[in-house]
Amino acid sequence: MNINIDLYNITFFVLLAFAAWCVWKISVADWRRRIIPDVYLFPLLLTGMAVVIFFPWPGNPAESTLAAIFGYFLALIIGEIFEFINRKKNNKDVPIGMGDIKLISVGGIWLGLMGLAIALVLACVSGMIWGALKKQKTIPFAPFFIGSGILSLIIISFLL
């Protein structure tokens, strides 16, 4: 019996460690090159689904799936609106890349609807503050979103 419980716990912590490695690689890649590689994003998605389905986690699989779909389409619509505005101004900057959109969707899996909403607000506010302080038009969104997602998990787990 102890072997099963230990294997269960070990598997959970291995999956969390793998997810932490993926988010680290995503953050570093976005910070340095302004790109979020799918090679880390899709394993993070699959790991999140496994954690939500098989382990105790805030939220449930149905809510996480809904949050992933909602996050994807919300980010896609906002990205298209900003791209339309930039085209009208003849600006070549891309405000939201597809990597950011997919990352928000993956965040929905891990965070659920409430957590995703909290993380998006915190990420946007902290990213805007950082961009204003550094006087930059574009920022790497992934580090801000990932940090806000971790803070959101803490808020959901302990405060809500």
Side-chain angles (χ1 to χ4, degrees), residues 1-80 82 94-130 139-160:
M1 180 101 170
N2 287 340
I3 294 173
N4 290 336
I5 292 172
D6 291 339
L7 184 60
Y8 181 81
N9 291 332
I10 289 169
T11 304
F12 180 68
F13 287 112
V14 166
L15 288 173
L16 289 183
F18 180 70
W21 178 78
C22 287
V23 297
W24 173 256
K25 297 298 271 184
I26 288 169
S27 293
V28 169
D30 196 29
W31 190 269
R32 290 181 181 165
R33 298 177 295 166
R34 301 293 199 268
I35 190 166
I36 300 174
D38 288 343
V39 71
Y40 305 118
L41 198 58
F42 289 131
L44 183 62
L45 170 79
L46 295 175
T47 304
M49 292 176 73
V51 167
V52 168
I53 291 170
F54 297 114
F55 297 96
W57 195 255
N60 58 51
E63 180 192 357
S64 293
T65 304
L66 182 63
I69 294 167
F70 176 75
Y72 181 85
F73 284 110
L74 176 69
L76 185 64
I77 289 167
I78 290 170
E80 289 297 322
F82 281 128
V94 178
I96 295 179
M98 279 306 293
D100 296 322
I101 293 169
K102 291 182 279 189
L103 179 64
I104 291 169
S105 181
V106 170
I109 291 287
W110 281 93
L111 303 170
L113 285 169
M114 179 67 76
L116 182 62
I118 293 168
L120 282 173
V121 169
L122 292 174
C124 290
V125 169
S126 61
M128 285 187 330
I129 291 170
W130 187 83
I139 63 163
F141 187 68
F144 295 102
F145 181 71
I146 290 168
S148 297
I150 293 168
L151 186 58
S152 173
L153 272 176
I154 293 168
I155 291 169
I156 288 172
S157 298
F158 298 111
L159 300 178
L160 295 181

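Excluded from the calculations below are hydrogen atoms, water molecules and symmetry mates; all remaining heavy atoms, backbone and side chain alike, are included.
- Exactly one of L46, D38, L44 qualifies for a side chain to side chain contact (heavy atoms under 4.5 Å, CB included) with F42. That residue is D38.
- When every heavy atom of E63 is checked against every heavy atom of M114, the shortest pair comes out as OE2-N, 4.1 Å.
- The distance between the ring centers of F55 and Y8 falls below 6.0 angstrom.
- Of the candidates L66, I109, V52, V52 is the only one forming a side chain to side chain contact (heavy atoms under 4.5 Å, CB included) with P61.
- Judged purely by atom type and a 3.5 angstrom limit, S105 uses its side chain to pair as donor or acceptor with the backbone of A68.
- Taking every heavy atom of both residues into account, G108 and A67 meet most closely at O-CB, 3.4 Å.
- Nearest heavy-atom pair, A75 versus I101, reported as atom, atom and distance to 0.1 Å: CB-CG1, 3.8 Å.
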Practice prompt. Would you please test I96 and I104 for side-chain contact (heavy atoms from CB on, under 4.5 Å) and show each step?
Written response: CA-CA 11 Å; I96 295 179; I104 291 169; 5.8 Å; no
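- Taking each heavy atom of L41 and G99 in turn, the nearest pair found is CD2-O, 4.1 Å.
- At distances below 3.5 Å, at least one donor-acceptor pair connects side-chain atoms of D30 with backbone N or O atoms of F141.
- Side chain of S157 to main chain of I154: no donor-acceptor pair is present (N/O by atom type, distance under 3.5 Å, no hydrogens or angles).
- Judged by distance alone, with hydrogens and angles left aside, the side-chain atoms of S148 form a donor-acceptor pair with the main-chain N or O of A123 at under 3.5 Å.
- Checked against the 6.0 Å centroid threshold, W24 and Y40 do not count as a close aromatic pair.
- Of all the heavy atoms in L16 and W110, the pair that sits closest is CD2-CZ3, 4.0 Å.
- Remark: K25 pairs with no residue by the side-chain hydrogen bond (donor to acceptor under 3.5 Å, both in side chains) rule, at least two apart or across chains.
- Taking all atoms of both residues into account, the shortest heavy-atom contact from F145 to L103 is CE2-O, 3.6 Å.
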